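The model shown is predicted, which means the values in this text are computed figures rather than measured ones. Excluded from the calculations below are hydrogen atoms, water molecules and symmetry mates; all remaining heavy atoms, backbone and side chain alike, are included. Counting from 1, the numbers follow the sequence of the chain as shown.
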Amino acid sequence: MSGSPVANPVADERDGDSRGLLWWSFAFAAGIAAYNLFPEEPHWPALAVLAALALALVIWAGRHGTLGRAVILTFALACGLTVAAIRTAIVEAPRLGETMTVTLTGHVLESQAGLRGTRVLLGVETIDGRPRSTVTFPEKVRLRVPAGDHNRVGEGVSLRARLFPPAGPVSPGGYDFSYRAFFSGIGATGFSYGPAVPAETGDPSMMLRFAAQIQQVREGLANRIRSALPDTPERALIIALLVGDRSGISQEQEDDLRAAGLAHILAISGLHMALFAGGAYGSVLLLFALFPSLALRWPTHKWAAIVALTAAVGYLLISGAAVATQRSFLMIALVFLGIFTGRRGLTLRSVALAGLFLLLIAPERLFFPGFQMSFAAVICLVAVYEQWRKRSADLHQHQDEGHASGRINQVLRFVGKWAMGLFVTALVAGLATGIIGAHHFGRIAPYGLLGNLLGMPVFSLLVMPMGVLALVLMPLGLAVLPLHVMAFGLSILQETAAFTANLSADAGAVGNLNGVSALLLLSALFIALLISGRRRFLSLVPLTGALALMVLSRPPDIQIAASGQVVATRDEAGLLRLSKGRKSFQAELWFQREGIPEQEIESRTMKSPQRRCDEDGCVVLAYAGQDKKDIGEKAAGESGAAPLSIALPKSPQALSLDCRYADIVVSDMIAPLGCGARIVFDREVRRRRGAISVWLSHPNPAGGDPPAGGGPAHTEISKIRHAMPVSPRPWHRPGSVTRESLRRSTPRNGQ
């Protein structure tokens, strides 16, 4: 393909070759996804041999002139499998196997203040006075310390902590902290008894010293912003936008922005990086233009690109370097590298290269919502604008053959294109991220298009330009005026978000979209945008499949936590209710799957007679949810199935009695052999398989024997899903660090 910038850059799109790297990236990502879906951990050397064989096949096919897409995509799939397996083998580290209380010293690796306290990531150096090199113990521990406890990155601290193994999935297919903790090297979580105190822990590593210096710069910038502006919600947003510190943003602000489809402004990504680096590039070019002799003799555009790339690196560091920011930096870097080589940098190739680079380093990112939203939106937007660029080029060619347009017409055309670009960007990006948001968070922004049309002009033309100017002028002490203008723009943006959010009474809660449906919807969107001609109609196939699954699927009727006596079941009306009134993180995610707003969870607590308790435990009743056919039966008065009884015993005596009379037993004790309950989820089952989801159905009146005594037939159990497979993957395996293992590792003369 020609690299000339004057040639039509989209001409080769008709061949499909320019998108070959993108399809290769999709296949690579499919390999990573396939690895995570394996029922048990594969042997990574065997996968490496498979990848080597696939490479040999590619080389052989290339030499014989038979190299086709199927061969290349097979090689990419094998590479994704292998990279994911190797990554798992590399990062595997000791993890806690049981709850314990210890005294820890170590270096603060991360510190994030919040309304409920400060969350600290501690690099452990000693455990109860013993060096970590002499015992088997997690290298990193995430702790919550009291609010107001300011621990700087790189500092040595000591604290007494209560530690727990990383929590597994809250429900089958739901949020899984243990997966993230495994690949982040976090072997335990917990809280400290009191504030952390300074301690001598030796010199930190060079990387940690560098991170500490960056953190000091970020804190210095945040403090300057605080000193220049009063304590208002706008100030918290400015700090989030310029420094990446979102700890000061209230839940109400975040909810309004999310409901209005404007939450993406908090994720420092493409627009922020483009305005910052692009502003630096344009400013340097303007400066050089003041010296015509210099601008005419030397490649000043390349010098400006170097300055802009340096500015992008600086913004990447001070903003926290989140995944979306890393993607934006890689793409903006490719744009400026394209200036050096005379090639257009913002293409689907650059998107694919950025994605491949991030996935090669950390394949687990494929399953992070931020990664998925960022790349899905960018892929769709670049594809749309490539088609737009092609049509604009054809239109200009026809216009050049006619008479020149007047200045007023040119201005109107420019404004029209800008308005249409804003509309298309909001529509396409909102559609792509909305699918992923519905899958992970059970929410969409029903008026997100309106929110973006009203809010993004203010953000793009006022807020971020003033933010860039404030960062440039801050070292000179002249940032007060642009910061106040930025605050004014953000006040307008917040009012817009609040207005748009109030249009939707339920804040866009729709219930979780299952993974298969989300994948099919994204596939339909990608096919429609990335494939040309009549083949675009192939997108109707995954679209139809997704809609069918959405209609046929329904959330579970019983949710059981991995431990404790917290369950959620449906009542006679089909509403999911919680066995305990205390709202928890797992309860929020259970009801999120139902599309229930957070503020309504407390009203969903079970009452008598659905829940009956005494000092020995509780018994709750579970009813089947209503399918379409069931709704018709109920309207006709034909449904009256007896609910299932779920026992939550607290004592061995109650457990023995519940085994005789309950349908389902849920306990943290070990059930006796021969327990007569229909289903038993005791300590061993829940420890091995994690959280549980159960689907119920009404009894089939046409089959089965009538119940003894002539009463109503019992509700049937139609499906049971566990959060963890029978053969647990490495991130779900029980940890090896226990109190006994610490005692065994104590030297004999260590007393």
**Request:** For side chain to side chain donor-acceptor pair (under 3.5 Å), just list the numbers for Thr126 and Thr105, CA-CA rounded to whole Å, side-chain angles, deciding distance to a tenth of an Å, and then say yes or no.
**Result:** CA-CA 5 Å; Thr126 67; Thr105 62; 2.2 Å; yes
**Asked** Is there side-chain contact between Leu513 and Phe441, with heavy atoms separated by less than 4.5 Å?
**Response** no
**Message:** Within the structure provided, determine whether Ser727 and Pro725 are in side-chain contact (heavy-atom separation under 4.5 Å).
**Reply:** no
**Prompt:** Looking at Glu98 and Arg739, does any basic side-chain N land under 4.0 Å from a carboxylate oxygen?
**Reply:** yes
**Request:** Flag yes if more than 12 heavy atoms outside Glu200 fall under 6.0 Å of its CD atom; otherwise flag no.
**Result:** no
**Request:** Test Leu104 against Leu163 for side-chain contact (heavy atoms from CB on, under 4.5 Å), laying out the working first.
**Result:** CA-CA 11 Å; Leu104 302 175; Leu163 301 181; 4.1 Å; yes
**Reported CG-to-NE2 distance for the pair Leu50 and His43, which is rounded to 0.5 angstrom** = 13.5 Å
**Request:** State whether Glu219 and Arg152 are salt-bridged, where the test is any N-O pair (Lys NZ or Arg NE/NH1/NH2 against Asp/Glu carboxylate O) under 4.0 Å.
**Result:** yes
**Request:** Taking the side chain as every heavy atom from C-beta outward, state whether Ile717 and Ile664 have any atom pair closer than 4.5 Å.
**Result:** yes
**Asked** Is atom CZ of Phe210 surrounded by more than 12 heavy atoms (other residues, nucleotides or ligands) closer than 6.0 Å?
**Response** no
**Message:** Looking at Glu364 and Arg87, is any side-chain nitrogen of the basic one under 4.0 Å from a carboxylate oxygen of the acidic one?
**Reply:** yes
**Message:** One thing to verify: whether Asp128 and Arg160 come together as a salt bridge, which I'm taking to mean a side-chain N less than 4.0 angstrom from a carboxylate O.
**Reply:** yes
**Request:** Before giving the answer on side chain to side chain donor-acceptor pair (under 3.5 Å), spell out for Asp682 and Ser667 the whole-Å C-alpha distance, their side-chain angles and the decisive distance to 0.1 Å.
**Result:** CA-CA 5 Å; Asp682 64 357; Ser667 175; over 6 Å; no
**Prompt:** Can you check whether Leu696 reaches Leu644 side chain to side chain, under 4.5 Å on heavy atoms?
**Reply:** yes
**Asked** Going by an N to O cut-off under 4.0 Å, is there a salt bridge joining Arg688 and Glu684?
**Response** no
**Asked** Considering residues, nucleotides and ligands other than Tyr661, do more than 12 of their heavy atoms fall under 6.0 Å from its OH?
**Response** no
**Prompt:** Taking side chain as C-beta onward, heavy atoms only, is Tyr175 less than 4.5 Å from Gln592?
**Reply:** no
**Asked** Hey, which of Glu92, Glu40, Glu41 is the one that makes salt bridge (charged side-chain N to carboxylate O under 4.0 Å, His left out) with Arg729?
**Response** Glu41
**Asked** Roughly how far apart are Phe371 CZ and Leu359 CG, rounded to 0.5 Å?
**Response** 3.5 Å
**Prompt:** Rounded to the nearest 0.5 Å, how far apart are CG of Leu77 and CD1 of Ile32?
**Reply:** 10.0 Å
**Request:** Verify the neighbour count for atom CZ of Phe164: are there more than 12 heavy atoms of other residues, nucleotides or ligands below 6.0 Å?
**Result:** yes
**Message:** Side chains of Ser192 and Pro146, heavy atoms from C-beta outward: is any pair under 4.5 Å?
**Reply:** yes
**Asked** Under 6.0 Å from the CG atom of Asp614, do we count more than 12 heavy atoms belonging to anything else shown?
**Response** yes
**Criterion side chain to side chain donor-acceptor pair (under 3.5 Å) on Gln372 and His440, from CA distance to verdict** = CA-CA 10 Å; Gln372 294 175 2; His440 287 285; 2.8 Å; yes
**Item:** Under 3.5 Å donor-acceptor, Ser656 side chain and Gln653 backbone
**Value:** no
**Item:** Exam field: side chain Arg687 to backbone Pro734, donor-acceptor pair closer than 3.5 Å
**Value:** no
**Asked** What's the shortest heavy-atom distance between Ser158 and Thr103, and which atoms?
**Response** OG-CG2, 4.2 Å
**Asked** Is a side-chain N or O of Arg218 found less than 3.5 angstrom from the main chain of Val243, in a donor-acceptor match?
**Response** yes
**Message:** Once rounded to the nearest 0.5 Å, what's the spacing between atom CZ of Arg95 and atom CZ of Phe137?
**Reply:** 13.5 Å
**Request:** With His107 as reference, evaluate Leu208, Leu121, Leu122, Val157 under the side chain to side chain contact (heavy atoms under 4.5 Å, CB included) test and give the passing residue.
**Result:** Leu208
**Message:** Strictly below 4.0 Å, N to O, side chains only: are Arg130 and Glu125 in salt-bridge contact?
**Reply:** no
**Asked** Heavy-atom distance under 4.5 Å between the side chains of Ser171 and Arg593, does that happen here?
**Response** yes
**Asked** Charged N to carboxylate O under 4.0 angstrom, Glu615 versus Lys650?
**Response** no
